[in-house]
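Down below is the structure, laid out as structure tokens.
Because only heavy atoms are used, hydrogens play no part in the values below, and waters and symmetry mates are left out as well, while side chains stay in. The sequence lines fix the lettering, A, B, ..., with proteins before strands; numbering per chain opens at 1.
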Number of protein chains: 2
Amino acid sequence: MNREEKLTRIFEAALRVFARYGYRRTRVEDIADELGMTKGNLYLYVKDKRDLYEKAVAQGLLRWQAMVGRSIEKIDDVCDQFLTMGRKSYAYLSRDVSLRTVLINDPSIFPLSSREDQFSEINRASMDMLRSVLTRGIQEGRFREVDVDHLTELLYSIYVMFIIKTYVKSEGKSTQKMFEQGLDIILHGLLKR
Amino acid sequence: MNREEKLTRIFEAALRVFARYGYRRTRVEDIADELGMTKGNLYLYVKDKRDLYEKAVAQGLLRWQAMVGRSIEKIDDVCDQFLTMGRKSYAYLSRDVSLRTVLINDPSIFPLSSREDQFSEINRASMDMLRSVLTRGIQEGRFREVDVDHLTELLYSIYVMFIIKTYVKSEGKSTQKMFEQGLDIILHGLLKR
DNA sequence: GATGAAGTGAACAAAATGTTCAAATTTTCA
DNA sequence: TGAAAATTTGAACATTTTGTTCACTTCATC
């Protein structure tokens with residue numbers, strides 16, 4: 001197993017354990033145990049406990065992002081692509097228990113103000129994905145010629161709000177309905193008639 | 001609120017928190033927080049953390065015992081009493097989440113060998129309840145004239161084994177069926193024909 | 001079997017936690 | 001009301017836990 005794979009495993013295990021006990025109550029040794037190694041060895045891969053946490057979360061977020069990327073890359077119709085991107089992104093956390101739990105214990109992972117964003121690079125990439133779909137829609141003459149940058153920010157903020165409402169505050173079913181409805185309205189708002 | 005009530009509340013809260021985090025990961029301060037007091041104050045009520053744990057568990061066990069006691073005290077028919085005692089005792093943990101969780105994290109609470117029993121006094125009282133039902137059955141001429149002391153120990157051991165199988169190892173539904181069946185067979189074994 | 005990479009476990013410093021207690025606060029009751 | 005008793009606090013202290021480092025061992029590769 002090369003270093004890359006090893007890192008992946010370490011962050012997977014770390015995320016599981018952080019989800020189980022919360023940041024403060026997990027010891028570096030708990031994670032080492034989960035991996036069947038000693039804690040000293042972990043320090044060949046990360047700087048300190050905080051670093052381990054942040055990289056574990058980052059890997060979780062990237063995994064999420066990659067999944068959405070894969071699910072839209074082969075879609076021809078840009079409207080379909082927009083809807084799928086929204087639905088897949090939104091639904092993802094219902095399946096990733098560890099990441100969801102960590103997010104619940106540490107909502108600062110998803111900052112409402114992008115100034116205090118610990119994962120700004122990742123979030124920027126997510127926004128890029130959204131932006132590129134919007135741009136494509138415009139270029140193909142399907143979407144109205146809106147200000148892409150501002151709209152991207154707006155839609156991303158709405159999306160984050162839904163994630164928080166649904167998974168952190170767990171306002172369940174009705175929020176899901178609202179999301180579907182919102183997606184539909186926004187797509188119609190985008191479309192040229 | 002008098003000292004008695006206060007102690008009850010403290011042990012209730014402690015059991016909840018110990019269930020949530022496990023013994024090692026709960027801080028005395030977590031329990032104080034749950035009670036809205038400072039940790040220093042807790043030491044007016046218990047000797048140390050271990051003492052707090054043991055008394056919290058003990059209170060949980062006594063609550064269980066009391067519930068069973070109440071549920072059989074007004075039953076006239078001794079067979080009915082025997083069955084009810086078994087069923088209520090066995091089913092109790094499915095409702096007491098805290099006690100169940102603590103038991104799962106610390107199975108030594110229910111010792112298979114009574115020599116290493118931290119709660120021997122409580123278990124002895126439970127066995128007394130069982131013994132008194134058996135004795136009554138014999139005195140009324142309903143049960144065969146068995147050796148009550150040995151039978152009490154035997155039945156209690158079987159009962160503890162079922163508790164462990166069901167709630168610690170969570171071997172669910174099929175174990176429940178087995179318990180019902182076992183109860184039926186034992187009662188028939190006891191009855192004079 | 002020499003070389004570098006990976007891993008260990010003991011040592012240490014720093015942080016967290018358990019425990020005590022003098023002082024502050026609240027309650028009790030004459 | 002106001003003094004005495006009971007309760008609670010919060011800071012201080014001792015102990016334990018935990019994060020982090022590193023000299024050394026083990027393992028893998030050539």
Are the charged groups of Asp51(A) and Lys55(A) less than 4.0 angstrom apart, N to O? yes
Rounded distance in Å - [atom1] ([X]) to [atom2] ([N]):
| X | N | atom1 | atom2 | value |
| --- | --- | --- | --- | --- |
| Ile10(B) | dT7(D) | CD1 | P | 11 Å |
| Lys49(B) | dG18(C) | NZ | P | 5 Å |
| Arg24(B) | dA16(C) | CZ | P | 16 Å |
| Lys39(B) | dA16(C) | NZ | P | 12 Å |
| Leu7(A) | dA6(C) | CG | C1' | 13 Å |
| Leu44(B) | dA24(C) | CG | P | 17 Å |
| Asp48(B) | dT17(C) | CG | C1' | 13 Å |
| Asn41(B) | dT25(C) | CG | C1' | 12 Å |

Neighbours of DNA chain C within residues 27-37 of chain B, by heavy-atom distance under 4.0 Å: Arg27(B), Val28(B)
On DNA chain C, nearest-nucleotide positions of Lys47(B) versus Leu42(A): which is more 5'? Leu42(A)
What is the nucleic acid contact for Lys6(A), judged by heavy atoms within less than 4.0 Å: base, sugar-phosphate only, or nothing? sugar-phosphate
So does Tyr43(A) get a side-chain nitrogen or oxygen closer than 4.0 Å to the phosphate oxygens (OP1/OP2) of dT21(D)? no
dT27(C) phosphate, OP1 or OP2: any side-chain N/O from Arg3(B) under 4.0 angstrom? no
For the student: nearest non-hydrogen atoms of Ser98(B) and Ala19(B), plus distance: O-CB, 3.6 Å
Residue pair Ser108(A) / Gln118(A), side-chain donor-acceptor N/O under 3.5 Å: yes
Do Arg142(B) and Lys192(B) come close enough that some side-chain heavy atom pair is under 4.5 Å? no
Side chains of Tyr21(B) and Asp30(B) in contact at under 4.5 Å (non-hydrogen atoms): yes
Please determine whether salt bridge (charged side-chain N to carboxylate O under 4.0 Å, His left out) holds for the pair Glu5(B) and Arg9(B), giving the CA-CA distance in whole Å, both sets of side-chain angles, and the decisive distance to 0.1 Å. CA-CA 6 Å; Glu5(B) 284 180 289; Arg9(B) 292 207 182 190; 5.7 Å; no
Between Phe18(A) and Tyr53(A), is the gap from one ring center to the other below 6.0 Å? yes
